[in-house]
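Just so it is clear: chains get the letters A, B, ... in the order the sequence lines come, proteins before strands, and each one is counted from 1.
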Amino acid sequence: MDPITLISIIKGGLILGALYALMATGLSLVWTTLGIFNFAHGAFIALGAYVAWQFSSADALGWPMLPAVLLTCAVMFLVGVILHFLLVKPFERRSDVVLIAVITTLAGSTILENGLLLIWGPRSKQIEPLTRGEVDLAGLHLTTAEILLLVLVLAILLGIGMFLRYSRPGRSMRAVSQNREAAQLLGLDVPKLYAIAFGLSALTAGLAGIFLGTIRFMHPAMGSEPLMKALVVVIFGGVARFSSPIYAAFIIGLLEAFSTYIFGVYWAPAVLFVTMIVVLLVKPEGLFGKYQRTL
Amino acid sequence: MLDVRDLSGGYEPVQIFQHVDLQVSAAESIGIFGPNGHGKTTLLRTLSGLIDPWQGDIFFDGERMNREGRRGSRKWRNFNYDAVTRRRMDPKKVARAGLIHVQQGNLLFPELTVTETLSIAVSAASGRRGWSVAEVQQLFPRVAERRDHKIRFLSGGERQMVSIAAGLIAAPRMLILDEPTLGLSPKIRQELCGAILEIRKTGLPIILIDQDVAFLEQIIDTLYLFDHGRISGRMSRDEMPDHETLMVMLFGERH
Ligand SMILES: Nc1ncnc2c1ncn2[C@@H]1O[C@H](COP(=O)(O)OP(=O)(O)OP(=O)(O)O)[C@@H](O)[C@H]1O
Ligand SMILES: [Mg+2]
């Protein structure tokens, strides 16, 4: 393997890792605070991509990228809050909420995806890349869009981390995830914090969808494969800290890039799952520590 | 101020306490004394809304804390209990009305630091006047000392102190303390008892559960005896006998 190939595999792995990190963070945000897995997360990814396409594409509204992205974020946050209200909230006080939420969020996912098909049709679409420049670094070919994607994803993750650490609602969210009863007894508005967590998670999914829509063709089920990977990432890395799924995402991204190069596209997922099984055999609580719901 | 009428409840489907009547005025502190496992904690968790009462009403400061509505029949409980019967209690409402419950053996937020925990309490109080962070740090110097440590690295006594400190910040108008001195070494215990006495001196009414009659005597005006899920006796501080006599009253001659 010559160095240029090696570096471009690493580049591909990092970009995959960044996308997985964004999705896994949203997924683990809901898992740690509400204690459920949101199987509609993949549909959120697709929805974000389609909404952004509607705002930005020359065939639709044709707005500039920045307002289109910002408005998409707002829409996604709202969609998250509304779907939390419809799919999860009615069952929140039941002890078997985890199982019920699997069904309701799967149902929500199917409805969303078919809704997308109904509204935007089956034809593949693509979002215009954020920028069009190209850079040549010592024989390595990079587009500025790729660099921007990496930088933006890291900035977004940093932003979410700061939000959880320093802002009032963020801190309260961590408190709720660590001890719901104690938070309730102090008078925190737990239902509101749950809604914010769900909205924020949908927002990150939407952003992931926008990025994905610029590098691949969009279709209503475009989120299901990344959701699968994000699940793997969350299980693989554990959720002991906010950063654990992020590290795991980059490891998985690189692993996927290398195994695709070495074993081919068809075997890459198998390699991924075998690795995950081996890791879980050795460290059942995930690569980075305790398997528990904290933030 | 707190008016509990004919309250019954428990953990579905097991009833733990029944027909509890309890009146606490604004100037008064009460103690609840009873054997382990007879439902004192369950009663308090119902008062603060963590579990719904099966029957009866809770008024705090004249306002009804529980929503009206019957506990569903067994048949209805097979459906979504929340959707078909109205939810009866909202812990947020109780806490914001000023009835603050410091749980027994509270683990608080293991991964947050002491400072972060207190700041959560500040935002939970959201403008209502509670104690300031500086005031609770003065009351519990130990808490001030360990402010940058995560809760899970604190000792049981320190954690209890942080719990109470957070409760004080959350703007209490009545404070529920559930066995605050459980399992502490004598020295820490004394420190904590001193602090609780200080809190009492500010005029804040306290509902205190403790197994130590001598300590209860320092804090409370009225003692309620609680066994088998019922209030079986009520006595003022002057009528309070010592520990041995109390145990005999609860269990008879041999225990
Ligand atoms: N989450 C729960 N689900 C079901 N039953 C419970 C639960 N928590 C406690 N119980 C039961 O309720 C009964 C009363 O427990 P509770 O903790 O209220 O007693 P207590 O008087 O506070 O005891 P202690 O003095 O030991 O704190 C016990 O028999 C216990 O087994
Ligand atoms: Mg108890």
Side-chain angles (χ1 to χ4, degrees), chain A residues 32-33 85-97 99-101 103-104 161-196 238-244 288-290 292-295, chain B residues 11-12 44-45 47-52 77 79-84 87-103 106-113 115-126 128 130 150-152 162-163 166-172 176 178:
Chain A
T32 48
T33 41
F85 195 78
L86 292 178
L87 300 180
V88 185
K89 186 117 194 293
F91 313 102
E92 224 163 59
R93 281 164 67 102
R94 293 184 57 128
S95 53
D96 52 354
V97 57
L99 282 178
I100 293 180
I103 314 244
T104 54
M162 305 270 276
F163 169 79
L164 289 173
R165 205 166 182 79
Y166 298 111
S167 79
R168 268 190 181 189
R171 260 188 197 173
S172 307
M173 237 142 87
R174 286 165 67 209
V176 171
S177 78
Q178 288 170 31
N179 189 341
R180 176 173 166 180
E181 282 191 355
Q184 284 176 315
L185 290 179
L186 287 175
L188 288 181
D189 194 342
V190 174
K192 189 170 107 190
L193 291 167
Y194 278 5
I196 295 177
V239 288
R241 315 184 64 90
F242 170 70
S243 50
S244 346
F288 302 105
K290 314 177 304 303
Q292 66 180 120
R293 288 170 40 201
T294 61
L295 203 65
Chain B
Y11 300 97
E12 292 284 345
L44 296 189
R45 285 164 60 83
L47 292 186
S48 53
L50 290 178
I51 44 186
D52 295 331
R77 264 176 280 141
F79 294 95
N80 190 346
Y81 188 60
D82 238 25
V84 293
R87 192 156 50 138
R88 298 190 46 142
M89 284 287 269
D90 178 7
K92 180 189 71 191
K93 181 177 172 190
V94 178
R96 296 201 169 172
L99 184 61
I100 298 286
H101 178 173
V102 177
Q103 274 180 296
N106 194 350
L107 299 171
L108 273 174
F109 314 118
E111 298 295 326
L112 297 190
T113 66
T115 309
E116 283 176 323
T117 304
L118 297 184
S119 84
I120 298 274
V122 172
S123 55
S126 63
R128 282 165 294 120
K150 283 189 178 178
I151 302 287
R152 73 185 161 100
V162 177
S163 265
L168 288 172
I169 291 172
I176 299 177
D178 191 355

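- With a 4.5 angstrom heavy-atom cutoff, B:Ile120 touches chain A via backbone and side-chain atoms both.
- Remark: A:Tyr166 OH is loosely packed, at most 12 non-hydrogen atoms of other residues, nucleotides or ligands lying under 6.0 Å away.
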- Apply salt bridge (Lys or Arg N to Asp or Glu O under 4.0 Å) to A:Arg241 and B:Glu111, showing your working. CA-CA 9 Å; A:Arg241 315 184 64 90; B:Glu111 298 295 326; 5.2 Å; no
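- The minimum heavy-atom distance linking B:Leu50 with A:Gln184 is given by the pair CD2-OE1, 3.4 Å.
- A side-chain N or O of A:Arg171 and one of B:Ser119 form a donor-acceptor pair less than 3.5 Å apart.
- Here the closest heavy-atom approach between residue B:Gln103 and residue A:Leu185 is recorded as CG-CD1, 3.4 Å.
- Taking 4.5 Å as the limit, some side-chain heavy atom of A:Arg174 sits within range of a side-chain heavy atom of B:Leu112.
- No donor-acceptor pair under 3.5 Å is formed between the side chain of A:Asn179 and the backbone N or O of B:Phe109.
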- Hey, mind stepping through A:Arg168 and B:Val122 against side-chain contact (heavy atoms from CB on, under 4.5 Å) and telling me if it holds? CA-CA 10 Å; A:Arg168 268 190 181 189; B:Val122 172; 3.8 Å; yes
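- Between A:Leu188 and B:Ala124, the shortest heavy-atom contact is CD2-CB, 3.6 Å.
- Options B:Thr117, B:Leu108, B:Ile100, B:Ile151 differ in how many heavy-atom pairs under 4.5 Å they form with chain A, and the most are formed by B:Leu108.
- Rounding to the nearest 0.5 Å places CZ of B:Arg45 at 4.0 Å from CD of A:Glu181.
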